[in-house]
Structures are given as structure tokens and as C-alpha cells.
Amino acid sequence: MRIRAAIARAREPFELAEVELDEPRVGEVAVAVEACGICSTDLSAKDHDFGTPLPAVLGHEGVGRITAVGEGVRGLEVGQRVVMSFGACGRCPNCREGAPGYCERGADYNLLGRRLDGTSPIRRGGEAITGHFFGQSSFATHAVAAATNVVPVADDLPAVHLCPLACGVQTGAGAMLHVLEVGPVDAVGVFGCGTVGLAAVMAAKIAGCASIVAVDRRPERLELARALGATHAIDGAELDGAALVRALRELGGLTRAFDNTGSTAVIEAAFAGLRPRGVLALAGVSPRRARITLDANRLMLSGRSVRGTVEGDAHPRSFIPQMIDWYTRGLLPVERLVTTYPFEQINQAAADMAAGRVIKPVLRMT
Ligand SMILES: [Zn+2]
Ligand SMILES: [Zn+2]
């Protein structure tokens with residue numbers, strides 16, 4: 001079928017164009033996209049040589065309604081509303097152990113944007129373009145998604161608030177609850193207060209953490225972090241690494257820390273600000289070949305640990321319904337992060353996001 005999609009080329013504006021989309025194959029569904037969030041990974045894939053073959057149709061926080069179901073798909077039907085999250089094969093050891101974020105074929109689906117057989121469902125003028133980014137490519141009016149990465153959702157919730165649950169909010173809330181396993185005794189630090197960090201603040205509040213320290217360089221984001229549950233805010237704009245460590249120690253240090261800035265200086269400061277047995281989780285994208293330096297004896301003697309996480313170690317089929325429950329009860333106020341744009345304004349939305357003018361831009365296709 002003919003659809004309208006935003007074509008991404010490196011360091012050029014998105015181009016809205018007509019392309020051809022295949023029917024869903026075995027194990028896939030077709031979805032009429034209602035809305036799709038923009039995540040920093042989309043902009044990295046477009047402009048920062050992330051390995052995604054360009055031109056591509058990006059977008060990996062899509063919400064829409066199933067219009068066709070491919071062979072072999074069980075439990076999904078035409079007309080059902082779904083959130084499209086990240087892709088995973090469902091068969092490798094990590095998928096079988098409930099860790100689809102570490103799927104052995106995850107790079108194919110998610111960053112390389114192709115089916116496991118190497119094909120793409122999107123063509124333009126007969127030429128294939130990358131069209132299965134995160135198993136969906138939802139910067140388009142329609143998507144063909146892997147059935148394994150769609151999660152059925154209720155009809156009556158605003159699509160624009162459900163989109164961020166697919167990636168950004170899932171990553172931050174999941175990191176807090178699944179990776180750092182925070183609870184009432186914890187003093188947690190959240191480094192970077194975009195969508196991922198603010199979702200982490202909300203999750204830390206849900207978990208009842210004793211203190212929640214938000215760190216960012218933008219006063220208005222720190223203000224929002226406080227409104228969402230942060231008990232302390234540190235403006236990092238004026239601080240070098242050593243001053244940031246001092247500020248963390250003055251607050252008594254952290255039992256759990258979560259970096260989503262990807263800045264090596266911030267990661268090193270977050271590590272130094274941990275109390276003994278503290279844990280630091282990393283979810284930010286760092287520059288290529290970035291290296292962090294940790295004091296080896298301090299790591300060993302103090303029993304600290306550092307680990308990476310993608311998608312908050314979440315299993316979308318169970319975690320997205322859990323997050324929706326919190327959202328409907330007012331505990332996960334995703335709406336406070338969202339700014340909506342008509343699909344045609346994708347370049348404005350991306351520019352506003354890159355400049356920090358908005359936190360989570362969401363495109364409306366309908
Ligand atoms: Zn897998
Ligand atoms: Zn993302």
C-alpha cells in the first residue's frame with residue numbers, strides 16, 4: 001500500500017514522502033499509526049552514524065490500530081490498539097530468560113532496522129529503504145511491526161501519552177525498578193532530566209525512596225523533577241566533576257545512581273558519589289569509543305558496582321500494562337513530559353528536542 005513516511009538522511013531535514021509498504025508477513029502485523037514519540041535514539045540514528053543504514057524511516061514509539069495480521073500471529077486481531085515497543089526474536093537464550101532487551105538479534109531489528117531475513121517492508125520507487133527500525137519504523141502513517149514487539153492497550157487512553165511508554169519512560173522507570181531495584185531505604189541520584197531521567201524520578205517516588213537527587217544543567221528541568229518527586233536538585237551547569245562529587249557527598253552520598261547523560265565526566269562523578277555497596281546503572285549513549293576511568297581499589301573495597309542497561313531491562317508485555325496502571329492512577333504523569341506536533345511538523349519537533357525546548361515531542365499522524 002501507499003503510505004506517507006518521514007525519510008531520514010544524515011544531517012538533512014526529514015523529507016515527508018509517499019512510499020510503498022508491504023503487507024505483513026509471517027509473525028507481523030500492519031498498524032495504522034495514530035502517534036509516535038521522538039526519542040534521542042532516532043536523532044542519533046539520523047545524524048550520528050549509529051550504524052542504521054540510511055535513508056531510513058525511523059520512529060520507535062508508535063501507537064496505533066492493527067489493520068492486518070500476518071500468518072502465525074496469535075492473540076492479536078484487526079482493530080486492536082497497540083503500543084509498539086522494541087523488537088526481539090523471542091527465541092534466543094536472553095529472550096527465553098525474559099531479557100528481550102539483550103536479544104542476540106536485537107541489533108538487526110532495532111538499530112539496523114531490518115527483518116531477521118535482511119529485508120525491509122518499505123520501498124520507494126522500487127528501491128528498498130530501511131523500514132523496520134526497532135521492528136516498526138513508525139514515523140509514518142502506517143507500519144509493519146513484528147508481532148513480538150506490540151502490546152495491546154485500551155481504546156480510551158490518549159495515544160500521545162502512551163507513546164513514551166514504548167521506549168523513553170520504559171527505560172527510566174525500568175532502570176530504577178528492575179535494575180537498581182530501589183526501595184524506601186535508598187538515596188538515589190538521577191543524572192540527566194530528560195524523558196528517561198524524569199521517568200526514573202517518577203519511578204523512584206513510586207518506590208518510596210528516602211531521597212531522590214536530580215542533576216541537570218537546565219533549571220526548568222530541575223524544577224519539573226522536584227514537582228515529580230525529587231527531594232533535592234543539583235544544577236550541574238556550573239560544576240566540574242569534583243564539585244559535583246562534593247555536592248553529592250554533602251547530601252550523604254547515594255545508594256543507587258542512574259546516568260542517562262552518557263557524559264563520561266558525569267558517569268565518573270556519579271560513581272564517586274556512591275556510598276559503599278552502591279550501584280550505578282548506565283543508560284545514556286556516550287560518544288563513540290568513549291572510555292570511563294574508575295578507581296579500581298575503590299570499586300573493589302567498597303563493594304560498588306556499575307552496569308549498563310537498555311530499555312530498563314523491561315519485558316514490554318508486562319511492564320507497559322503496569323506503567324499504564326500507574327499512569328491512570330496519576331502516579332506516572334507522562335503527560336507532563338509531552339509536547340504534541342502534527343506529523344508534518346517533524347522537523348520543528350526534532351529541532352525543539354535537540355535544543356532542549358521540549359522534553360518529549362510526540363507526532364500526531366491522525
Ligand atoms: Zn532474542
Ligand atoms: Zn528510544
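First listed ligand is number 1; within each ligand, the first listed atom is number 1. These numbers were taken from a predicted model, which means no experiment stands behind them.
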- [ ] Output, in order, the C-alpha distance, side-chain angles, deciding distance and verdict of salt bridge (charged side-chain N to carboxylate O under 4.0 Å, His left out) for Asp108 and Arg115.
- [x] CA-CA 7 Å; Asp108 285 321; Arg115 295 173 169 127; over 6 Å; no
Near the Zn ion (ligand 1), meaning under 2.8 Å, the protein N/O/S atoms are Cys89 SG, Cys92 SG, Cys95 SG, Cys103 SG
Excluding water, the protein N, O or S atoms sitting under 2.8 Å from the Zn ion (ligand 2) are Cys39 SG, His60 NE2, Cys167 SG
Partner of Val190 under side-chain contact (heavy atoms from CB on, under 4.5 Å), picked from Leu198, Val215, Asp216, Asn260, is Asn260
Grouping ILVMFWY residues whenever side-chain heavy atoms fall under 4.5 Å, the cluster of Val310 otherwise contains Tyr102
Applying ring-ring contact (aromatic ring centres under 6.0 Å, His included) to Tyr327 and not counting sequence neighbours gives His161
Note to self: Between Ser137 (side chain only) and Val57 (backbone N and O only), is there a donor and an acceptor less than 3.5 Å apart?
What the structure shows: yes
Report task. Determine whether the side chains of Tyr109 and Asn149 contain a donor N or O and an acceptor N or O closer than 3.5 Å. Result -> no
>> Is there a salt bridge (charged side-chain N to carboxylate O under 4.0 Å, His left out) between Glu15 and Arg124? Walk through the geometry before answering.
In response: CA-CA 13 Å; Glu15 179 203 353; Arg124 189 185 190 186; 2.9 Å; yes
Worksheet item: Salt bridge between Arg304 and Asp295, side-chain N to carboxylate O under 4.0 Å?
Response: no
Looking only at heavy atoms, the pair that brings Ala214 and Ala230 closest together is CB-CB, 3.9 Å
